[in-house]
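Here's the structure, in structure tokens; my notes come after.
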Amino acid sequence: MAIILPDGAKLEMAWKHVKYMNHGNYIIFQIIPMISGKDLVLIPNMKNWKKISNIFPIEERQEIIFLLERLKWKRDVRVIELDISAQIDRENEVNTGTLESTEAYISLTKENLFDNNSILGKEQVKSIYLTLEKRFSENLQGTVDISKDLLLDNSVMKEFIMPILEKNKNVNLRIN
């Protein structure tokens, strides 16, 4: 289930991305979950958005930002504009061996826990995903590459996942 808007556009929220669908196309925005405060939704800046304005016009960009920040998600979000490319009409890149490739994550995503009609509260939804992150990180083995760009202060990655990975004796942690 997605949030369906009066014009037929849809939004689907997951733990680390949100998908906006309209006109038979879709765009995916990465989310950086935060320990406290608002989670960060990364949106291409105006320069990069102009490259896709034939698919998603500038006016629609403003509507997307407005909706992301004001819909009653089971999480608080803040839109951040960055010099990143738009991810249009291709699924969120899920690498084998990541949390997003697990059956538990896929199953939770299908439950649409972040939708405003979810029976769970914001803190309950976050707790479920943090439990999943913890179990996954504790059971990892081998080399784990982490982008230093993801190690933001107050982020789930830096404050929650990294300490677990650092304690995991079966992990060779590399920060790139």
Side-chain angles (χ1 to χ4, degrees), residues 1-96 98-102 105-123 125-126 128-129 132-133 146-158 176:
M1 180 90 189
I3 294 178
I4 302 173
L5 304 170
D7 67 356
K10 299 177 190 176
L11 283 160
E12 290 180 351
M13 177 74 70
W15 178 235
K16 294 184 182 173
H17 73 274
V18 61
K19 181 193 278 188
Y20 173 82
M21 298 159 277
N22 204 5
H23 319 296
N25 295 94
Y26 63 89
I27 184 168
I28 294 179
F29 307 107
Q30 180 183 359
I31 297 175
I32 299 177
M34 304 302 279
I35 288 293
S36 61
K38 296 180 179 185
D39 296 334
L40 306 179
V41 179
L42 310 182
I43 301 274
N45 62 15
M46 192 60 78
K47 176 185 81 168
N48 287 318
W49 197 279
K50 286 179 180 177
K51 296 175 186 175
I52 62 159
S53 62
N54 60 324
I55 300 169
F56 292 105
I58 300 297
E59 299 78 27
E60 195 163 9
R61 175 183 188 269
Q62 296 310 110
E63 180 182 343
I64 292 167
I65 292 170
F66 179 86
L67 290 168
L68 287 171
E69 292 180 329
R70 286 171 183 80
L71 284 173
K72 295 193 182 294
W73 302 108
K74 295 298 175 139
R75 74 190 315 170
D76 296 319
V77 298
R78 186 175 92 201
V79 173
I80 303 290
E81 298 180 43
L82 295 175
D83 189 14
I84 56 175
S85 298
Q87 188 172 328
I88 296 183
D89 293 339
R90 54 179 221 252
E91 288 302 316
N92 194 37
E93 297 170 7
V94 176
N95 297 321
T96 304
T98 63
L99 173 67
E100 292 78 13
S101 70
T102 65
Y105 181 87
I106 293 166
S107 177
L108 275 177
T109 299
K110 289 179 183 175
E111 293 294 321
N112 299 304
L113 299 177
F114 293 108
D115 285 4
N116 58 0
N117 61 355
S118 169
I119 61 171
L120 300 175
K122 290 178 185 180
E123 292 306 315
V125 174
K126 187 174 196 167
I128 289 169
Y129 277 97
L132 189 61
E133 291 277 13
I146 304 286
S147 169
K148 64 181 173 193
D149 296 333
L150 295 177
L151 297 176
L152 302 175
D153 288 340
N154 195 41
S155 69
V156 168
M157 177 60 78
K158 182 176 181 181
N176 306 328

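Computed from heavy atoms alone, side chains included, the values below leave out hydrogens, waters and symmetry copies.
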Of all heavy-atom pairs between [X] and [Y], which one has the smallest distance, and what is that distance?
X: Asn48; Y: Leu82; value: ND2-O, 4.4 Å
X: Ile31; Y: Ala14; value: CD1-O, 3.8 Å
X: Leu151; Y: Met157; value: CD2-CG, 3.6 Å
X: Trp49; Y: Ile43; value: CZ3-CG2, 4.1 Å

Criterion salt bridge (Lys or Arg N to Asp or Glu O under 4.0 Å) on Glu133 and Lys16, from CA distance to verdict: CA-CA 12 Å; Glu133 291 277 13; Lys16 294 184 182 173; 3.1 Å; yes
Any [X] side-chain heavy atom under 4.5 Å of [Y] side chain:
X: Val41; Y: Glu69; result: no
X: Phe114; Y: Val18; result: no
X: Arg61; Y: Ile52; result: no

Asn154 side chain to Ser36 side chain, donor-acceptor N/O pair below 3.5 angstrom: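 Result is yes, a qualifying pair exists.
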Glu60 and Tyr20: side chain donor to acceptor below 3.5 Å: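 Present: a donor and an acceptor within the cut-off.
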Glu123 CD: over 12 foreign heavy atoms closer than 6.0 Å: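 Atom CD in Glu123 is not crowded, with 12 or fewer foreign heavy atoms closer than 6.0 Å.
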Partner of Lys19 under side-chain contact (heavy atoms from CB on, under 4.5 Å), chosen from Leu11, Ile27, Ile28: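 Of Leu11, Ile27, Ile28, side-chain contact (heavy atoms from CB on, under 4.5 Å) with Lys19 is met by Ile28 alone.
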Sequence-distant partners of Asp7, salt bridge (Lys or Arg N to Asp or Glu O under 4.0 Å), two or more places apart: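 Not a single residue meets the salt bridge (Lys or Arg N to Asp or Glu O under 4.0 Å) criterion with Asp7.
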